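Side chains are part of it too, since the values below use all heavy atoms of this structure and drop only hydrogens, waters and symmetry mates. Reminder, nothing fancy here: chain letters follow the sequence lines and each chain counts from 1. Worth saying up front: this structure is predicted, and the values here are computed from it rather than measured.
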Amino acid sequence: MKFKPMTAVAILAVGALSFTAIPAQAADPGVTDTEITLGMQLPQTGAASPGYNKVDDAMRAYFDYVNSKGGVYGRKITLVAKDDKYSAGLTISTASSLINESNVFAMVGSVGTQTHSAVIKDLNRRGIPDLFVNSGNSAFYTNPSKYPTTFAGLGTYVVEAKILGKYIKATYPDKKVGILYQSDDFGKNAIQGFTTAGLVFTPGKTAAGFIAGTQGSLGITSQLKQLQDAGVQVVIIASVASTTAIAALTAKALNYTPDKWVVMSVGSDATTFQTILYTKKIMPAQSAAMLAGIVSASHAPSPGEATDEYVAAFKKINDQFNTGTDKTWDNNVLQGMNIAYQTVEALMGTGKNLTRKALINWMNTKGSTLTSAALAPVGFSSKTHEAYTGFWIGEYDATAVLKPVGASRVVYTTDSAAGPVTISTFKRPAISADALPKAA
Amino acid sequence: MFKIRRNASIAIAFFVFVFAIGTFVGPYNQGQIAVALTLFIGVLSINILTGLSGQLSLGQGALMAVGGYGCALMMINAHLSMWLAIPLSLIASALVGLLLGLVAAKLSGPYLAGTTLVLALAMPTVANKFDSILGGDTGLSIDTGMPPTWLSKVMGDIAIEQWNLYVSLPFAALALFFAANLFTSQSSRRWRAVRDHESAAALVGINVERTKISVFVISSAFAGVAGALYGLRGLVGPSVFAISLSLSLLTGSILGGLRSIAGAGLGSVIIVFLPDWIGKVIHPFSLSDQVTNYLPAFVSGLLLVLTVVVNPSGLAALFAKIFRFSRVKR
């Protein structure tokens with residue numbers, strides 16, 4: 001028989017078309033009578049992973065604790081975390097795996113601004129709840145009509161920078177202030193907040209940028225030398241914790257001793273700072289001394305505040321349920337616990353008939369009632385999906401604990417626009433005896 | 001003429017075959033096939049450059065980025081349809097390939113490899129330097145959009161990954177068609193002559209410099225289309241076209257076989273699906289994240305070393321040998 005390629009092609013094409021009808025799904029994926037499957041992506045390996053790679057284990061520990069108490073309306077919570085190595089190309093594949101293979105009901109606590117930028121549009125057009133994202137990028141949250149399913153897990157960088165900026169201006173009025181920043185949305189948002197607070201930076205002199213992720217491989221010597229040459233006395237760091245550690249080492253090598261370091265909360269986790277320095281053969285006592293005096297901000301109590309009721313409860317759960325490779329109690333673990341706590345609260349609030357639409361609706365209408373360890377309220381509404389609207393300012397002491405500046409802790413609040421910075425009147429609700437949230 | 005017709009038939013059969021596979025598998029695998037098709041074009045660009053002409057590029061991901069940014073800028077600023085922006089993006093990358101080819105013509109071996117590597121490493125700096133146009137570190141958000149309603153009416157509900165597959169497939173089939181013609185063309189004979197012995201090629205009248213430049217332009221055009229499709233998954237930015245992408249393409253090319261089209265196909269399938277296959281194998285053992293997350297890189301590194309030492313021609317050549325041997329036996 002003579003080979004006729006076009007005939008074979010036509011037969012194959014018709015055959016292929018007959019297999020394309022996909023039956024419509026009746027219910028949202030990831031929810032059964034006995035289980036709720038949640039997904040998360042974060043850098044578990046690679047240069048950006050130190051510290052952040054503990055968040056998923058902390059969240060899982062809290063979910064396991066809730067499961068041990070019967071789950072949410074009888075449903076156990078399963079968290080599937082995927083390593084995206086902080087590479088956006090990989091984030092797209094891991095998101096597809098979570099959605100299509102793990103059949104997650106919602107994403108919770110995903111880490112990273114650059115990486116989340118690669119999937120946020122897709123998650124939203126699929127209608128997948130994208131809760132408590134560990135990024136302070138205001139562009140994700142301030143326009144809910146663009147990203148209706150995405151809600152923040154951190155206060156925005158703009159809010160934090162405005163509050164820190166006001167403090168710097170008031171406390172160091174005669175000092176020359178400069179900034180070391182990573183040149184992505186994190187850094188840009190931070191500069192926006194600081195300039196809104198009245199600080200002025202000059203590119204090439206008092207503002208030194210670097211490409212996020214290169215601080216380990218390329219170093220930040222030229223950037224710190226630039227600030228040193230410009231006579232900067234107060235150095236702000238708007239970057240991750242590995243940058244703070246490398247900046248401290250580099251400044252020492254340059255014999256550069258600014259009067260004050262001010263580090264945004266994402267970059268000031270004491271454990272991550274000390275762990276990174278330990279790999280450079282700097283003992284904990286020495287790194288604690290390097291950390292002492294650094295000013296930072298936080299929306300939650302310091303993990304070192306052992307008497308705080310949320311800290312005590314979460315620490316106990318972490319000790320009992322965290323099965324990760326490193327469960328050392330720190331800011332990252334506290335943040336993971338906090339997000340898991342809020343997730344359970346939102347799931348309980350949505351009710352027994354759990355659907356994606358119902359969860360988003362609950363977040364828009366009742367989300368502002370979410371409680372947690374945070375000392376500032378969340379701002380969730382149908383108009384904004386920003387989380388914490390306030391921060392308190394502290395200074396690290398000799399034991400690597402962030403302590404409030406001044407006589408007592410003052411929580412400041414503001415918005416991501418040009419609104420004023422004022423003192424918050426928010427009173428955090430007490431945690432229940434069993435450390436389980438109650439439905440609103 | 002016969003060859004063109006035969007190559008067209010192969011490309012159409014490839015299109016139908018992949019289309020048919022795409023209808024049998026779920027959305028995740030459809031997405032993975034779409035990535036494999038995209039990287040197939042990227043690996044082809046290396047096989048043309050390195051396999052046919054002997055010029056080593058460690059920065060092919062940067063040429064993909066040129067195509068990606070070109071496509072994104074045309075879609076965002078000029079509001080062009082992706083069906084127009086994708087083919088046009090190859091012009092942008094071919095132009096950059098021309099500039100690179102002019103440099104490459106003067107260089108060889110490790111010097112050329114180093115130059116192309118610098119290009120890949122410089123990409124984030126360039127993106128930041130032209131922040132207002134290229135979106136800096138964050139990049140530019142583009143995607144294939146939702147499938148057209150007429151297609152959904154014909155085929156029923158189409159998953160986003162399935163639509164990505166349908167967008168990538170015609171370009172992969174076209175790339176296969178053009179590459180097949182290239183590999184059997186008179187030009188490729190000149191390229192091989194330059195690859196095997198530059199001086200001898202020059203002695204028989206081949207303009208070595210011009211040959212090298214033309215290969216770079218063609219290879220870059222392939223990379224540009226691959227970059228446009230890769231960016232259309234959701235984002236065009238430095239973290240999408242990282243140096244690891246260039247190294248992955250080279251790994252795929254070596255594992256599959258540097259000197260064949262089938263090698264590019266096998267290589268792209270390996271680099272895309274290897275982590276999933278490893279995941280399935282180790283799943284029952286409940287290993288820690290620290291082990292499972294590093295294992296794919298370890299295994300692909302091991303395979304790379306084994307290929308170079310034991311089977312330098314790659315898997316495609318090995319399969320061809322086995323096939324020939326089995327026919328002789330019969």
Side-chain angles (χ1 to χ4, degrees), chain A residues 3 5-6 8-13 15-24 44-46 49 53 56-57 81 83 85-93 95-97 99-101 113-115 117-122 125-126 137 139 182-188 209 211-214 324-325, chain B residues 5-6 8-10 12-13 15-17 19-24 26-32 35 124-125 127-128 131 135-139 141 143 145-146 154-162 230 233-235 237-242 244-245 272 275-276 279 288-290 292-294 297:
Chain A
F3 173 65
M6 293 315 290
V9 164
I11 292 167
L12 271 169
L17 277 168
S18 65
F19 284 96
T20 52
I22 299 166
Q44 288 176 322
T45 59
S49 65
N53 54 10
D56 59 323
D57 290 326
D83 179 20
K85 304 181 198 304
Y86 209 72
S87 162
L90 197 55
T91 311
I92 298 164
S93 295
S96 177
S97 171
I99 296 163
N100 297 304
E101 293 219 300
T113 301
Q114 275 185 46
T115 45
S117 297
V119 294
I120 188 170
K121 196 174 162 188
D122 188 38
R125 70 178 164 182
R126 291 177 197 256
N137 182 15
Q182 57 182 61
S183 56
D184 58 6
D185 281 344
F186 176 5
K188 287 177 201 166
I211 295 164
T214 63
T325 46
Chain B
R5 209 176 289 167
R6 189 196 65 183
S9 296
I10 291 170
I12 293 169
F15 181 95
V16 175
F17 177 68
F19 186 91
I21 289 178
T23 59
F24 283 108
Y28 173 66
N29 282 317
Q30 286 167 340
Q32 292 292 80
V35 180
T125 312
N128 273 295
D131 190 340
D137 265 358
T138 307
S141 175
D143 58 38
M146 298 302 281
V154 174
M155 301 183 64
D157 281 344
I158 294 175
I160 287 164
E161 287 82 0
Q162 193 175 2
Y230 202 62
R233 295 169 69 221
L235 188 75
S239 64
V240 176
F241 297 100
S244 56
L245 176 65
V272 172
D276 292 341
S288 79
D289 288 345
Q290 292 299 313
T292 54
N293 290 332
Y294 283 110

With a 4.5 angstrom heavy-atom cut-off, could you sort out which part of Asp56(A) is near chain B: side chain, backbone, both or neither?
-> side chain
Contact origin within Thr325(A) toward chain B - heavy atom pairs under 4.5 Å = side chain
Using a 4.5 Å cut-off on heavy atoms from C-beta on, say whether the side chain of Asp143(B) contacts that of Arg125(A).
-> yes
Checking heavy atoms, do the side chain of Phe241(B), its backbone, both or neither come under 4.5 Å from chain A?
-> neither
Gln30(B) side chain near Asn100(A) side chain, heavy-atom distance below 4.5 Å = no
Test side-chain contact (heavy atoms from CB on, under 4.5 Å) on Ser93(A) and Arg233(B) and set out the steps.
-> CA-CA 9 Å; Ser93(A) 295; Arg233(B) 295 169 69 221; 2.9 Å; yes
Atom pair OH (Tyr294(B)) and CD (Gln44(A)), whose distance is rounded to the nearest 0.5 Å | 10.0 Å
With distance as the sole criterion, is a donor-acceptor pair present between the side chains of Thr138(B) and Asp185(A) under 3.5 Å?
-> yes
Euclidean distance, Asp122(A) CG relative to Ser141(B) OG, rounded to 0.5 Å | 10.0 Å
Taking all heavy atoms of Ala88(A) and all of Leu235(B), pick out the closest pair and write down the distance.
-> CB-CD2, 4.0 Å
What part of Ser244(B) is in contact with chain A, defined as an atom under 4.5 angstrom from a non-hydrogen atom: side chain, backbone, both or neither?
-> neither
For chain B, the option from Gly324(A), Gly89(A), Ser96(A) that forms the most heavy-atom pairs under 4.5 Å | Ser96(A)
Is any side-chain N of the basic residue among Asp131(B) and Lys188(A) closer than 4.0 Å to the acidic one's carboxylate O?
-> yes
Between Ser183(A), Ser87(A), Gly187(A), Gly209(A), which residue shows the highest count of heavy-atom pairs closer than 4.5 Å to chain B?
-> Ser183(A)
Are any of the side-chain heavy atoms of Gln114(A) and Pro238(B) separated by less than 4.5 Å?
-> no
Is there a donor-acceptor contact under 3.5 Å linking the side chains of Asp137(B) and Gln182(A)?
-> no
